[in-house]
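All remarks here apply to the structure that follows.
All residue numbers in this chain count up from 1 along the given sequence. The model shown is predicted, which means the values in this text are computed figures rather than measured ones.
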Amino acid sequence: IIAAIEIAAAKDEDTAKVPEVTIFFENQLLRGNRTTKHNAEHFNAFVSGNYPSLADVGVRIKYNKEYIAKPSFKKLKLHTKLNNNVAILKLFPGITKELVHHILNTPNLKGVIIETYGSGNAPTSSWFIEELKDAIDRGLIIYNVTQCKSGSVEMGRYETSLDLNRIGVISGHDITTESAIAKLMYLLGEGYTTEKIKELLQIPIRGEITL
């Protein structure tokens, strides 16, 4: 707690040394939107699989300045217009057409985070691709995120993701599921067009993905 307070209060001249939303746990300071909790019992409970720590704490606090974001504004900006008409579709062996159809046809649904295998792979069954394509044609945004704790979605790398790319599924690159949900809710809440949302989902706006 003392170290966390010290980090939060640290400044470079008139600005915070770490002007980010972060998690400090087990002697590491991690970027919040890159971090996932992976253990419910150990102190080493959080992992940032695709981004280095912002600071490491021992006898002294070592700030990794090259990884710390520097915003272009001085005052914290709050965005509260979130649209929570989103869902997560986690793929698993044996997933049924009925389940996929039910989720994709949820009333008022605007976007779906699809958790795929490895680097973005999914079943190649014709019914699965058709369900996704029908949903996209209706205006639903489908965002592809890997189930792995580290690594990135690379649609088209393997044959099993070629169809996803073809029908308009959006690559989440190395974003976490938690950040994908928050980002999609934010973009939908801001009232952007579907095309603009698809564009912004594929680029970092707060350091949440690496290109």
Applying a strict under-4.5 Å side-chain criterion to I, L, V, M, F, W and Y, I'd like to know whether [X] and [Y] cluster together.
X: I141; Y: I175; answer: yes
X: I205; Y: I68; answer: no
X: V21; Y: M185; answer: no
X: L132; Y: Y143; answer: no
X: Y51; Y: L30; answer: no

Between [X] and [Y], which heavy-atom pair has the shortest distance, and what is it?
X: V145; Y: A180; answer: CG2-CB, 3.8 Å
X: S53; Y: Y67; answer: O-CD1, 4.0 Å
X: A69; Y: P19; answer: O-CG, 3.3 Å
X: L188; Y: G111; answer: CD1-N, 4.5 Å
X: T116; Y: N144; answer: OG1-OD1, 2.6 Å
X: L201; Y: I209; answer: O-CD1, 4.1 Å

Just to verify, which of L29, N64, N27 counts as forming a side-chain contact (heavy atoms from CB on, under 4.5 Å) with D56?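 Running side-chain contact (heavy atoms from CB on, under 4.5 Å) over L29, N64, N27 with D56 returns exactly one hit, N64.
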
With L104 as reference, evaluate V112, I136, I114 under the side-chain contact (heavy atoms from CB on, under 4.5 Å) test and give the passing residue.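 Single side-chain contact (heavy atoms from CB on, under 4.5 Å) partner of L104 among V112, I136, I114: V112.
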
Audit row: D12, K70, side chain to side chain contact (heavy atoms under 4.5 Å, CB included) steps and yes/no: CA-CA 11 Å; D12 280 329; K70 297 296 181 185; 4.3 Å; yes

[Y] side chain reached by [X] side chain, heavy atoms, under 4.5 Å:
X: S119; Y: V153; answer: no
X: L140; Y: L109; answer: yes
X: I95; Y: L89; answer: yes
X: P123; Y: L91; answer: yes
X: I181; Y: V86; answer: yes
X: K17; Y: I7; answer: no
X: Y117; Y: P93; answer: yes
X: N33; Y: R206; answer: yes

If you round to the nearest 0.5 Å, how far is [atom2] of [Y] from [atom1] of [X]?
X: T124; Y: L164; atom1: OG1; atom2: CG; result: 10.0 Å
X: R166; Y: D163; atom1: CZ; atom2: CG; result: 4.5 Å
X: I197; Y: Q202; atom1: CD1; atom2: CD; result: 12.5 Å
X: N84; Y: K110; atom1: CG; atom2: NZ; result: 12.0 Å

Residue pairs fulfilling side chain to side chain donor-acceptor pair (under 3.5 Å) with at least one residue in residues 95-104, sequence neighbours excluded: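 Sorted pair list: H101-N105, H101-E131.
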
Please answer whether the main-chain N or O of [Y] pairs with a side-chain N or O of [X] as donor and acceptor at a distance below 3.5 Å.
X: E115; Y: Q147; value: no
X: S125; Y: W127; value: no
X: T176; Y: S179; value: yes
X: Y186; Y: K81; value: no
X: Q28; Y: F24; value: no
X: K183; Y: L200; value: yes

Salt bridge (charged side-chain N to carboxylate O under 4.0 Å, His left out) contacts in which one or both residues fall within residues 29-50, not counting sequence neighbours: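 Residue pairs with at least one partner in residues 29-50: E20-R31, R34-D174.
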
Which other residues end up in the same hydrophobic cluster as I1, if Ile, Leu, Val, Met, Phe, Trp and Tyr are linked when side-chain heavy atoms come under 4.5 Å apart?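 Cluster partners of I1: I5.
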
Excluding sequence neighbours, so at least two apart, what forms ring-ring contact (aromatic ring centres under 6.0 Å, His included) with [X]?
X: H42; result: none
X: F46; result: F25
X: Y63; result: none

Inspect the contact between R138 and D134 and indicate whether a charged nitrogen and a carboxylate oxygen are less than 4.0 angstrom apart.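 No, this pair does not count.
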
What I want to find out is whether E199 reaches K196 closely enough, with some N-O distance under 4.0 Å, to be called a salt bridge.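 K196 and E199: salt-bridged.
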
Taking atom [atom1] of [X] as the centre, report whether more than 12 heavy atoms of other residues, nucleotides or ligands fall under 6.0 Å from it.
X: K11; atom1: NZ; answer: no
X: E26; atom1: CD; answer: yes
X: K198; atom1: NZ; answer: yes

Please walk me through it: do I113 and L184 pass side chain to side chain contact (heavy atoms under 4.5 Å, CB included)? CA-CA 9 Å; I113 309 297; L184 191 51; 3.8 Å; yes

